[in-house]
There are 2 protein chains.
Amino acid sequence: MATIEDVAKEAKVSVATVSRVLNNKKAVKEETCKRVYRAIDKLSFEPNMSARNLRRNETRVILIVTPNITNPYYAHILAGIGDCAQEAGYSALIHNTSGNEKRVKAGLDMLKKKRADGAILFASNMDSMWIKEYADEYPIVLCSEYPAKGHVPRVSIDNYKAAQDVMEYIIGMGHIRIATISSSNKYISTALRLRAYKESLLWHNIEVHEDYIVYADADYSFMSGKEAATKILKQKNRPTAIFCISDTIALGAITAAKELGIDVPSGLSVIGFDDVDDTTMFHPYITTIAQPCYDLGRQAFRILYNCMNDGKADEVTVLPHKFIIRESSGSI
Amino acid sequence: MATIEDVAKEAKVSVATVSRVLNNKKAVKEETCKRVYRAIDKLSFEPNMSARNLRRNETRVILIVTPNITNPYYAHILAGIGDCAQEAGYSALIHNTSGNEKRVKAGLDMLKKKRADGAILFASNMDSMWIKEYADEYPIVLCSEYPAKGHVPRVSIDNYKAAQDVMEYIIGMGHIRIATISSSNKYISTALRLRAYKESLLWHNIEVHEDYIVYADADYSFMSGKEAATKILKQKNRPTAIFCISDTIALGAITAAKELGIDVPSGLSVIGFDDVDDTTMFHPYITTIAQPCYDLGRQAFRILYNCMNDGKADEVTVLPHKFIIRESSGSI
DNA sequence: GTGAAAGCGCTAACAC
DNA sequence: GTGTTAGCGCTTTCAC
């Protein structure tokens with residue numbers, strides 16, 4: 001493995017000059033420059049990143065802390081981060097936590113160890129106030145989820161507004177008996193959507209019926225969605241619409257309805273959220289809120305980049321969602 | 001940020017001793033050891049990885065080169081690699097290529113730059129012989145796909161045998177008119193499965209009918225599967241079984257059949273491959289070959305680990321697949 | 001059992 | 001425009 005010194009010797013210049021060429025400093029004569037490049041090619045030299053990082057005190061690596069890459073929602077965001085990072089000359093270190101808070105902290109310790117310059121965190125709980133401490137010391141950006149208090153740079157959609165859009169639509173279609181399938185996790189998105197559900201109902205003078213609020217798995221599984229929907233639909237005074245916290249849950253709800261002999265949408269409207277799972281593979285295509293996942297990822301990186309370089313440390317970006325009406329919903 | 005020197009001062013020992021403690025070298029008196037630990041805690045010191053890496057000439061980072069994290073098949077393998085790597089004290093750098101060969105090479109240059117100690121490659125084409133050159137110089141493991149010639153350490157299932165299992169089953173169920181939806185990519189898995197399709201037919205004295213071989217997208221999209229199946233099913237002498245190269249394609253084929261009024265499985269048997277996509281969300285549940293994705297990932301890391309440490313450089317691991325008969329197939 | 005010191009490969013301040 | 005040199009923070013001989 002050739003070093004900068006080998007290149008210097010080969011090109012008959014000093015290491016400083018090679019370094020200058022490597023870093024595109026202008027103060028090098030064209031002629032010298034060429035000689036250096038020739039030497040670099042000949043030895044097929046590549047700068048040693050550990051040495052450069054040590055000297056520069058940076059790594060050009062960002063850390064992504066995620067509970068589960070297997071989740072397509074995260075995967076799409078990751079794609080956005082990855083592309084954007086690559087364009088900016090950064091690499092992405094993936095740290096899987098399986099939702100374990102200790103492993104989240106272990107991941108963030110990589111910042112201390114200088115394994116990465118900054119981090120993007122997925123899936124933080126509403127009550128994870130300790131994140132603030134890390135964020136005060138290192139560049140950290142929260143993606144989609146964030147603690148209820150304490151300003152940490154972040155990017156997400158407006159979950160309240162999105163859920164409100166859904167509710168306005170459902171109510172506007174004449175539905176009165178409206179249920180929701182929420183989740184037993186501790187995400188702020190969950191809390192916000194549920195709050196919008198309740199407040200929209202109240203706003204329209206529709207009573208909030210506790211039997212109409214059911215909780216699925218923390219990870220939005222198809223089966224738990226199906227079970228939750230079954231529970232809802234077996235009530236004597238069953239609802240005519242269900243607002244689901246995710247598409248997979250909505251898929252489960254539609255399946256449950258089918259098994260109970262209820263037609264969607266004529267007998268039941270089902271609305272999903274995210275638009276990442278197979279919303280348009282099978283009929284009825286699902287009415288849902290589309291999140292700009294890829295862009296969420298790009299913005300997350302952009303904000304992190306600013307934190308790492310300018311030191312701006314309190315940016316909050318809210319990206320627009322899109323309400324897509326398809327086949328699984330209709331008027332009563 | 002505290003350095004090893006700060007710790008040394010605080011503990012009133014030399015940096016060498018701190019280093020010894022850090023690396024669990026036994027030659028340190030218990031008493032001294034404790035003092036050092038106390039100093040480390042007090043200063044909340046974490047060793048600087050760039051410095052350590054430079055000195056040790058290693059990074060404890062592995063590189064994962066993938067065309068697309070969004071693909072659940074890769075995502076599951078990635079989960080296996082990630083978990084296994086974390087257990088062994090390694091971090092995973094993800095490098096997305098979007099299938100672009102230049103970006104694959106750019107990724108592998110990170111090995112030269114000492115950004116990572118070794119790499120796991122996904123989705124290499126059958127004809128990418130250049131991989132061998134890299135593999136001769138750096139620890140590289142191929143996952144699932146590999147060049148047709150040249151020994152590079154790798155892990156995969158036996159695609160030929162798996163496809164053969166499927167064909168034996170289909171033929172055993174009495175089917176004669178059997179079609180296949182292959183793909184227009186250059187993967188060895190594709191070639192092997194297609195070869196097994198043809199040779200199984202031949203073996204049973206069934207003529208290979210070119211109209212029964214149709215090619216879907218390189219990335220196995222649902223739509224291209226549906227289109228391919230439609231083309232197959234509109235033939236006058238249409239087949240009674242279709243062997244699909246992926247589950248998503250199989251899902252497309254089932255949808256196509258439904259639209260043409262053909263019942264699955266009574267009018268048409270459909271078999272998939274991979275068992276990662278939604279094979280059991282909707283009826284008919286799909287008969288398919290299950291790949292041990294997570295384990296593929298774990299093994300890939302294990303092999304890479306050996307390459308990086310022992311230098312064993314030609315391990316080929318073949319993991320068992322599982323043929324799962326569900327609802328989308330039956331006797332004629 | 002512990003310390004002094006060399007050096008991993010690079011960048012950047014300073015000299016010329 | 002180019003060279004000399006001092007470190008970045010760590011590990012690892014080699015002394016003692």
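Everything numeric in this text was worked out from a predicted model, so none of it was measured. Keep in mind that the numbers below use all heavy atoms, side chains included, and drop hydrogens, waters and symmetry copies. Chain A is the first sequence line, chain B the second, and so forth, proteins listed ahead of strands; every chain is numbered from 1.
- A salt bridge is defined here as a Lys NZ or Arg NE, NH1 or NH2 lying under 4.0 Å from an Asp or Glu carboxylate O, and E87(A) with R298(A) meets this definition.
- Note on E46(B) versus R115(A): no salt bridge recorded, every NZ/NE/NH1/NH2 to OD/OE distance being 4.0 Å or above.
- In terms of heavy-atom proximity, N309(B) sits nearest to Y90(B) at ND2-OH, 3.9 Å.
- In this view, K132(B) and D136(B), V152(B) satisfy the side chain to side chain contact (heavy atoms under 4.5 Å, CB included) rule, not counting sequence neighbours.
- Each of R35(B), R38(B), K42(B) was scored for a salt bridge (charged side-chain N to carboxylate O under 4.0 Å, His left out) with E10(B), with one residue passing: K42(B).
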In the 5'-to-3' direction, what one-character label does each nucleotide of nucleotides 4-11 of chain D receive under the scheme B = base within less than 4.0 Å of a protein heavy atom, S = sugar-phosphate only, - = no such atom?
BBBBBBBB
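- Note: NZ (K34(A)) to P (dG1(D)) measures 16 Å, nearest angstrom.
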